[in-house]
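Letters A, B, ... are given to chains in the order of the sequence lines, protein chains preceding strands, and every chain is numbered from 1.
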Amino acid sequence: MSPEETPSSNSASNFIRELIDADNVSGRFDGRVHTRFPPEPNGYLHIGHAKSICLNFGLAKKYGGQCNLRFDDTNPAKEDVEYVDSIQEDVRWLGFHWDNLFYASDYFETIYQYAVTLIERGLAYVDSSSTEEIRRLRGSLTEPGTPGPYRNRTVAENLDLFHRMRGGEFPDGAHVLRAKIDLAHKNVNMRDPLLYRIRHAEHHRTGNTWCIYPLYDFTHGYSDSLERITHSICTLEFENHRPLYDWLIEVLDLYHPQQIEFARLNLTHMMMSKRKLLELVETQSVSGWDDPRMPTIAGIRRRGYTPEAMRAFCDEIGVTKFNGLTEIVVLENAVRSDLNKRSNRVMAVINPIKVVIDNYPEDLVEELEAVNNPEDESAGTRLVPFSKELYIERDDFMEVPAKQFFRMSPGREVRLRWGYLVTCQSVVKDPVTGDVTELHCTYDPLTRGGNPPDGRKVKSTIHWVSAKHAVSAEVRLYDHLFSITNVAEIPEGEDWRTYLNPRSLVVVPAAKLERSLTTAQPGDRCQFERIGYFCVDKDSTAEKLVFNRTVTLKDDWAKIQKKQGT
RNA sequence: UGCCUGGUAGUGUAACGGUAGCACGAGUGACUCUGACUCACUUAGUUUAGGUUCGAAUCCUAACCGGGCAACCA
């Protein structure tokens with residue numbers, strides 16, 4: 001690779017790029033690179049699809065080629081325009097633009113003609129056996145299948161039946177069209193695979209034009225061929241199907257793309273099965289496809305993730321044929337790293353405890369200057385109001401400080417971020433429960449802004465919000481959807497929903513936010529200092545602000561506490 | 001029992017017969033008006049056994065251990 005090529009993409013190479021490079025050297029595809037992302041519109045896209053999207057579109061971009069978006073819509077029973085729309089939105093959100101938008105259903109007539117040709121050449125036949133019979137005659141993983149009674153129908157008979165299948169003469173399931181290959185083939189996919197089935201169902205695009213629909217295996221390779229795709233990139237489970245795609249294409253002497261399989265993404269604490277995600281939605285275990293706990297692109301978008309972070313993540317995990325399990329922290333780290341650079345800092349108290357500054361004037365309000373983003377000087381500063389009564393985080397106070405705890409405790413001086421140095425003087429408790437209800441502090445008037453003139457150091461700086469200026473907001477604290485590390489280890493037959501994390505969503509009804517957040521709009525992102533990255537949820541209104549926690553900040557104190565076993 | 005496929009630090013990923021790197025994690029320290037960020041250091045790996053070779057993670061053989069495959073789903 002020439003040095004000029006590298007700046008556009010500093011990501012490591014991978015086996016797919018090597019294969020493409022080799023094809024470009026040999027001239028196999030005349031130097032063309034044409035990929036495609038081929039989802040079925042039967043659900044929302046998830047992070048695993050993001051990997052595929054970044055791969056396919058990324059490759060096209062890198063090699064100056066093209067990438068299509070194609071909907072593999074061959075099963076009208078499961079597909080819907082809602083999914084077609086969401087998929088397009090998600091791809092665009094990730095920052096990619098397709099060169100062509102196609103649907104497998106665009107090719108239904110062509111594929112029908114391919115089927116007719118196969119029949120004419122004696123390579124396909126109409127089977128009128130029942131589903132059970134077909135399954136039985138297919139054999140097992142270790143035993144060969146056996147030919148059924150309809151396998152040797154004449155071409156004329158097959159042609160007639162297939163034509164009448166299309167004509168709507170038969171009910172669902174009465175007949176299927178099968179390829180005539182080899183029922184004893186070692187590869188089960190080659191044991192006379194089904195090509196067409198009768199489905200009197202309305203298709204989201206072709207309506208009632210068809211009552212027979214080609215199966216995925218019959219459609220997919222032809223679709224790639226028709227689009228003159230050079231490299232058909234798909235996941236590992238289609239490896240065993242490749243011989244069938246190759247057979248179908250070669251037998252008709254069609255343009256032949258190269259299929260390349262890679263390992264799909266698995267993440268700890270995440271479920272990536274479309275079917276099960278649908279189940280989560282349908283059982284209302286989550287609020288919808290875009291619930292911020294969902295691994296869907298819609299979900300992580302609502303959660304506050306950025307497309308830049310997603311692309312960086314996909315770049316970082318690489319592409320191989322090894323079926324691994326990526327730690328979720330890699331994802332979280334990607335979004336932290338992106339948000340750190342771009343997020344304005346604000347102060348918000350999630351779990352407030354009131355603080356009274358005893359020696360602060362009763363009605364005084366001071367406007368203190370606060371830096372918006374230490375990582376970006378151009379973000380400027382803002383003013384935050386300071387007054388006699390404040391809220392601080394309950395966790396930032398310990399009446400009896402634990403080892404290595406150096407935040408507020410009686411007699412200890414700490415800094416209020418951008419404010420004053422204060423010292424806790426006394427504690428007010430509920431006489432019944434004994435809970436701490438209020439803290440009384442004194443402040444040092446000479447430390448305004450947080451810088452003591454004598455240069456003395458304090459060990460801790462904590463965030464705060466002026467009580468009378470505070471904005472109340474609902475804050476939704478999200479955590480992993482699954483408490484179990486590897487969802488693949490949930491035993492077969494066991495109800496996987498029992499492994500859902502009961503604390504995946506904790507709603508804080510009335511967190512206290514600094515005044516500047518009053519006008520926050522849905523989609524806005526910020527960092528709640530010392531807590532995490534948050535974004536304004538779409539449920540948010542002018543009357544009631546709602547924030548989602550995208551991800552926490554790293555927290556060494558939490559680590560220490562964990563080690564201390566508290 | 002068949003077919004396909006894969007095995008490099010805890011995790012993910014480089015090295016394409018020639019010094020086993022990188023990122024994340026973990027640990028230690030520095031810095032700090034975020035216990036954040038940043039920086040430094042440390043930790044830890046080629047599944048095993050043979051073979052080819054001056055030299056093997058890489059090539060060959062065998063074993064061991066994973067993953068996938070028998071929907072009128074994709």
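- Annotation for A/Lys459: atom NZ does not count as buried by contact number, only 12 or fewer foreign heavy atoms lying within 6.0 Å.
- Geometrically, A/Arg205 engages A/Tyr103 in a cation-pi contact, judged by NZ or CZ lying under 6.0 Å from the ring centre and within 45° of the ring axis.
- The ring pair (Phe, Tyr, Trp, His ring centres under 6.0 Å) contacts involving residues 176-196 of chain A comprise A/Phe162-A/Tyr196, A/Tyr196-A/Phe218, where partners must be two or more places apart or lie in separate chains.
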Identify all pairs in which a protein N or O lies below 3.5 Å from an N or O of nucleotides 36-38 of chain B, and state each distance.
from  : atom 1 : to       : atom 2 : distance (Å)
B/A36 : OP1    : A/Asp556 : OD2    : 2.7
B/C37 : OP1    : A/Lys554 : NZ     : 3.3
B/C37 : O2'    : A/Asn340 : ND2    : 3.2
B/C37 : O2'    : A/Glu375 : OE2    : 3.0

Write down the protein N/O and nucleotide N/O pairs, taken from nucleotides 7-11 of chain B, whose separation is under 3.5 Å; answer none if there are no such pairs.
from  : atom 1 : to       : atom 2 : distance (Å)
B/G10 : N2     : A/Glu327 : OE1    : 3.3
B/U11 : O4'    : A/Glu327 : OE2    : 3.2
B/U11 : O3'    : A/Leu325 : O      : 3.1
B/U11 : O2'    : A/Leu325 : O      : 3.1

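- Comparing the C1' positions of B/C59 and B/G17 gives a spacing of 8 Å, expressed to the nearest Å.
- Residue A/Thr268 is classed as having no contact, given no heavy-atom separation below 4.0 Å to the nucleic acid.
- Within the 4.5 Å cutoff, no side-chain heavy atoms of A/Tyr213 are placed close to those of A/Ile198.
- With a 3.5 Å limit on both pairing distances and Watson-Crick or G-U wobble geometry required, the stems of 3 or more pairs in RNA chain B span B:2-7 with B:64-69, B:10-13 with B:21-24, B:26-30 with B:38-42, B:47-51 with B:59-63.
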Check residues 323-332 of chain A and write down every donor-acceptor pair under 3.5 Å in which the side-chain atom is one partner and the other belongs to a residue at least two apart or another chain.
from     : atom 1 : to       : atom 2 : distance (Å)
A/Asn323 : OD1    : A/Asn266 : ND2    : 3.0
A/Glu332 : OE2    : A/His480 : NE2    : 3.0

- Message: Strictly under 4.0 angstrom, non-hydrogen atoms only: write out the protein contact profile of nucleotides 67-74 of chain B, one letter per nucleotide from the 5' end, B, S or -.
- Response: SBBBSBSB
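- Relative to the side chain of A/Glu529, the nucleotides B/U34, B/G35, B/A23 differ in distance, and B/U34 lies closest.
- When the P atom of B/G66 is taken as reference, atom CG of A/Asn486 falls 14 Å away, rounded to whole Å.
- In this structure, A/Phe313 reaches neither bases nor backbone, as no heavy-atom distance under 4.0 Å exists between it and the strands shown.
- A gap of 33 Å separates the C1' atoms of B/A57 and B/C39, to the nearest Å.
- Using a 4.0 Å heavy-atom cutoff across all strands shown, A/Val319 reaches sugar-phosphate atoms only and no base atom.
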